[in-house]
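First up is the structure itself, then whatever we jot down about it.
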Amino acid sequence: MVNQAADPLKDLKDIQLPIEPGLWPLAPGWWLLMLAAIVSIALVVYFYLKRKNSLKTHAYKEWQGYVDLPARDQLIKTRGLIRRIAQQQFSISVGDNSQQKWQQFLLDQQLDSIFEQQQNLWSKQSVNAEYVADCYQKTGQWIRRLK
């Protein structure tokens, strides 16, 4: 009995440490955080594309409304529509002092032939109906290509 009283810790087992937690499976909070991030990114992309497409859709509908106008008015309105799109989507200034930028923009967008006869537009001379029809069609194709 003296031996038992002398060493009371003899019958105890060693301490077993628990297994360290790993990264997987993730806690529910991390799942919620990832879901919130995915939904946020999806909403930003959706509204960005919706805004961008609304400009294209609006411009296309406006362009379609020009089909029944007289040739001179159709050309004036088509030119104005292209200028508005250039200002809104491409940040192109269309003031009097930026004619070089405007001409370069038309070249870059492959619209340079659209306003060749611009001087006839403001004079009393008649505007060639085939030329106006070509301008109208090229403008429609350009609007459809917008991103």
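- No continuous path of hydrophobic side-chain contacts links Trp24 to Ile19 [ILVMFWY only; heavy atoms under 4.5 Å].
- Residues Leu75 and Arg79 form no side-chain contact, since every pair of their non-hydrogen atoms from C-beta on lies 4.5 Å or further apart.
- Between Arg144 and Lys56, the shortest heavy-atom contact is O-NZ, 2.9 Å.
- Lys77 NZ: 12 or fewer foreign heavy atoms inside a 6.0 Å radius.
- Hydrophobic clustering, with ILVMFWY side chains joined whenever heavy atoms are under 4.5 angstrom apart, groups Ile143 together with Val67.
- Interatomic distance, Ile85 CD1 to His58 NE2, rounded to the nearest 0.5 Å: 9.0 Å.
- For Leu43, the CG atom sits in a packed shell: over 12 heavy atoms of surrounding residues, nucleotides or ligands are nearer than 6.0 Å.
- The two atoms that bring Leu81 and Ala59 nearest to each other are CD2-O, 3.7 Å, heavy atoms only.
- The residues Asp134 and Lys138 are annotated as salt-bridged, a charged nitrogen and a carboxylate oxygen being separated by less than 4.0 angstrom.
- Atom CD1 in Ile76 sits 10.0 Å away from atom OG1 in Thr78 (nearest 0.5 Å).
- Of the possible donor and acceptor atoms, one in the side chain of Trp63 sits under 3.5 Å from a partner among the backbone N and O of Tyr136.
- Using a 4.5 Å heavy-atom cutoff, the side chains of Tyr66 and Asp73 are not in contact.
- A ring pair (Phe, Tyr, Trp, His ring centres under 6.0 Å) check over residues 32-57, counting only residues at least two apart or in different chains, returns nothing.
- In this structure a side-chain-to-backbone donor-acceptor pair under 3.5 Å is missing from Gln74 to Leu69.
- Distance check: Gln87 CD to Ile82 CD1 gives 12.5 Å after rounding to the nearest 0.5 Å.
- Under the 4.5 Å side-chain criterion, counting only non-hydrogen atoms from C-beta, Trp30 is in contact with Leu33.
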